[in-house]
A.B. asks: 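Sharing a structure, written as structure tokens. Questions coming.
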Amino acid sequence: MRSTMSSNPSAEGIRLQKVLSQAGVASRRAAEDLIDQGRVSVDGEVVREQGRRVDPLTAVIHVDGVRVNVRDDRVYLALNKPRGVHSTMEDDQGRPCVGDYLRGRTERLFHVGRLDADTEGLLLLTNDGELAHRLMHPSYEVRKTYLAEVPAPVGRDVGRTLRQGIMLEDGPVKVDSFKLVDNYGHRALVEVVIHEGRKHIVRRMLAEVGYPVQSLVRTRIADVALGNQRPGSIRALNRAEVGSLYGAVGL
């Protein structure tokens, strides 16, 4: 018999297996199997009964401990910000800015954190305010990975010094990891992983230990990687990437 459920999902809710299917987790039949196996939770409670109805606008759903985005009004994008582009949605001086790459989109999006104009690489864009707030808040210590081109050779003690911590004018700082990626002539490529968010922190830190940055690219935020994405291109994050961001900030 055809259901007479209201078209408004907040009135009576939508069957959980349908919500999971629409979110791309699995087919409806496979979603029923996930529920039977106790692998799905709603608002912190494991759900095993079939036919459970939920409101996708408010329900917090996890599959195998990873949160699933079930709201079709949420947008999660990755921009490879080119060098020379400012991390603003509009620029009153007419300079290139992030907003230039979002022309024609109807959602009200904002960038998660910033990259200075001379730094290129991964910048997240979303309309999920709670996730964005947590990703930017220092208490969650979300790791960001950078590739920096610096003068060569790079001393063997540089990594140890940065991991132990150094003092800048606005306080101490240390990296989560540091490694030499490549040497080519008078230049070297180093990878820096840090959860700090202070302005120009990677550039200032490397300059302090004698290695002024000649170019800088952010390649990763938590488990979301830039990969081979072209400068200026935008792509939608996949379900696993969005789930990893939720996990990184305890959502």
Side-chain angles (χ1 to χ4, degrees), residues 74-103 105 107-150 162 166 168-178 190-208 212-227 229-237 241-242 244-246 248-249 251:
R74 289 287 188 246
V75 177
Y76 306 88
L77 303 174
L79 166 68
N80 184 353
K81 187 191 82 66
R83 188 172 184 175
V85 173
H86 293 258
S87 292
T88 57
M89 290 304 182
E90 295 182 358
D91 188 84
D92 55 10
Q93 300 180 41
R95 298 171 298 184
C97 66
V98 168
D100 296 338
Y101 295 87
L102 301 173
R103 303 296 185 214
R105 297 198 68 101
E107 311 92 351
R108 185 183 180 189
L109 300 172
F110 47 90
H111 47 84
V112 181
R114 292 175 175 267
L115 289 174
D116 65 71
D118 289 333
T119 300
E120 56 187 297
L122 181 60
L123 188 65
L124 300 179
L125 305 161
T126 187
N127 57 358
D128 187 333
E130 182 180 10
L131 177 64
H133 171 74
R134 293 195 181 202
L135 287 171
M136 290 185 288
H137 199 283
S139 66
Y140 292 99
E141 299 187 351
V142 176
R143 292 187 173 193
K144 296 102 174 172
T145 303
Y146 296 83
L147 287 177
E149 190 178 64
V150 298
L162 291 173
I166 61 173
L168 299 178
E169 67 274 11
D170 54 353
V173 62
K174 62 181 179 179
V175 302
D176 294 292
S177 74
F178 176 93
V190 298
E191 180 189 86
V192 177
V193 180
I194 189 170
H195 61 263
E196 280 272 5
R198 281 179 275 171
K199 189 173 182 179
H200 303 310
I201 191 65
V202 175
R203 293 179 182 275
R204 292 193 290 132
M205 183 173 50
L206 289 174
E208 182 68 20
V213 171
Q214 296 163 343
S215 68
L216 186 64
V217 180
R218 183 159 68 192
T219 60
R220 182 180 291 267
I221 299 174
D223 288 331
V224 177
L226 185 63
Q229 195 173 333
R230 293 178 293 103
S233 66
I234 293 178
R235 67 175 180 87
L237 300 188
E241 289 174 319
V242 175
S244 73
L245 292 176
Y246 284 140
V249 295
L251 285 174

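In this text the structure is predicted, and so the values were computed from the model without any measurement. Any value given below was found using the heavy atoms of this structure, including those in side chains, with hydrogens, waters and symmetry copies removed.
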A.B. asks: Measure across Gly129 and Phe110 and return the closest heavy-atom pair with its distance rounded to 0.1 Å.
C.D. replies: CA-CZ, 3.7 Å
A.B. asks: Would you mind reporting whether Ile234 and Leu102 have side-chain heavy atoms less than 4.5 Å apart?
C.D. replies: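 SC-SC contact between Leu102 and Ile234 confirmed.
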A.B. asks: Using a strict cut-off of less than 4.0 Å between a Lys/Arg side-chain nitrogen and an Asp/Glu carboxylate oxygen, indicate whether Arg134 and Glu130 qualify as a salt bridge.
C.D. replies: yes
A.B. asks: Kindly compute the distance separating CD1 (Ile194) from CZ (Arg218), expressed to the nearest 0.5 Å.
C.D. replies: 11.5 Å
A.B. asks: Apply side-chain contact (heavy atoms from CB on, under 4.5 Å) to the pair Val190 and Phe178, showing each step before the final yes or no.
C.D. replies: CA-CA 7 Å; Val190 298; Phe178 176 93; 3.7 Å; yes
A.B. asks: Between OG of Ser244 and CG of Asp223, what distance do you get to the nearest 0.5 Å?
C.D. replies: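 Result: 4.5 Å between the selected atoms.
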A.B. asks: If only atom types and distance count, is the side chain of Arg204 paired as donor or acceptor with the main-chain N or O of Arg198 below 3.5 Å?
C.D. replies: no
A.B. asks: What is the distance from atom CG of Leu251 to atom CG of Leu135, rounded to the nearest 0.5 Å?
C.D. replies: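 Those atoms lie 8.5 Å apart.
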A.B. asks: Could you check Thr126, Leu125, Leu123 and say which one makes a side-chain contact (heavy atoms from CB on, under 4.5 Å) with Leu77?
C.D. replies: Leu125
A.B. asks: Evaluate the side-chain proximity of Arg74 to Asn127: yes if any heavy-atom separation is below 4.5 Å, no if none is.
C.D. replies: yes
A.B. asks: Output the distance between atom CD1 (Ile221) and atom NE2 (His195), rounded to the nearest 0.5 Å.
C.D. replies: 15.0 Å
A.B. asks: Please report the shortest heavy-atom distance between Leu122 and Ala225, naming the atom on each side.
C.D. replies: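 For Leu122 and Ala225, the tightest heavy-atom pair comes out as CD2-C, 4.4 Å.
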A.B. asks: What are the two closest heavy atoms between Val85 and Lys81, and how far apart are they?
C.D. replies: O-NZ, 2.7 Å
A.B. asks: Please walk me through it: do Met89 and Val98 pass side-chain contact (heavy atoms from CB on, under 4.5 Å)?
C.D. replies: CA-CA 5 Å; Met89 290 304 182; Val98 168; 4.2 Å; yes
A.B. asks: We want to know whether Ser215 and Arg83 form a side-chain donor-acceptor pair, criterion being a heavy-atom distance below 3.5 angstrom.
C.D. replies: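 There is no such pair (donor and acceptor under 3.5 Å, judged by atom type) between the side chains of Ser215 and Arg83.
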A.B. asks: Rounded to the nearest 0.5 Å, what separates atom CG in Asp118 from atom NE2 in His86?
C.D. replies: 8.5 Å
A.B. asks: Taking all atoms of both residues into account, what is the closest heavy-atom pair of Ala148 and Leu206, and its distance?
C.D. replies: CB-CD1, 3.8 Å
A.B. asks: Any carboxylate oxygen within less than 4.0 angstrom of a Lys/Arg side-chain nitrogen, looking at Asp116 and Arg203?
C.D. replies: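 Yes, Asp116 and Arg203 are salt-bridged.
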A.B. asks: Closest approach of Leu216 and Thr119, non-hydrogen atoms and distance?
C.D. replies: O-CG2, 3.5 Å
A.B. asks: Taking all atoms of both residues into account, what is the closest heavy-atom pair of Pro82 and Pro231, and its distance?
C.D. replies: CG-C, 4.2 Å
A.B. asks: Any heavy-atom pair between the side chains of Asp128 and Tyr246 that's under 4.5 Å?
C.D. replies: yes
A.B. asks: Side-chain contact test, heavy atoms from C-beta onward, threshold under 4.5 Å: evaluate it for Leu245 versus Leu124 and give yes or no.
C.D. replies: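 The answer is yes, as the side chains (C-beta and beyond) meet within the 4.5 Å cut-off.
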A.B. asks: For Gln229, does its backbone N or O pair with a side-chain atom of Asn80 as donor and acceptor, under 3.5 Å?
C.D. replies: yes
A.B. asks: Before you tell me yes or no, could you show the steps for Val112 and Leu131 under side-chain contact (heavy atoms from CB on, under 4.5 Å), namely the whole-Å CA-CA distance, both residues' side-chain angles and the distance that decides it to 0.1 Å?
C.D. replies: CA-CA 9 Å; Val112 181; Leu131 177 64; over 6 Å; no
A.B. asks: Taking atom CG of Asp100 and atom OG1 of Thr88, what is their separation to the nearest 0.5 Å?
C.D. replies: 8.0 Å
A.B. asks: When you check the gap from the basic side-chain N to the acidic O, do Arg235 and Glu241 get nearer than 4.0 Å?
C.D. replies: yes
A.B. asks: Look at the side chain of Arg114 and the backbone N and O of Ser87, then say whether any donor-acceptor pair between them is shorter than 3.5 Å.
C.D. replies: yes
A.B. asks: Applying side-chain contact (heavy atoms from CB on, under 4.5 Å), run through Val192 and Leu162 and close with a yes or a no.
C.D. replies: CA-CA 10 Å; Val192 177; Leu162 291 173; 5.7 Å; no
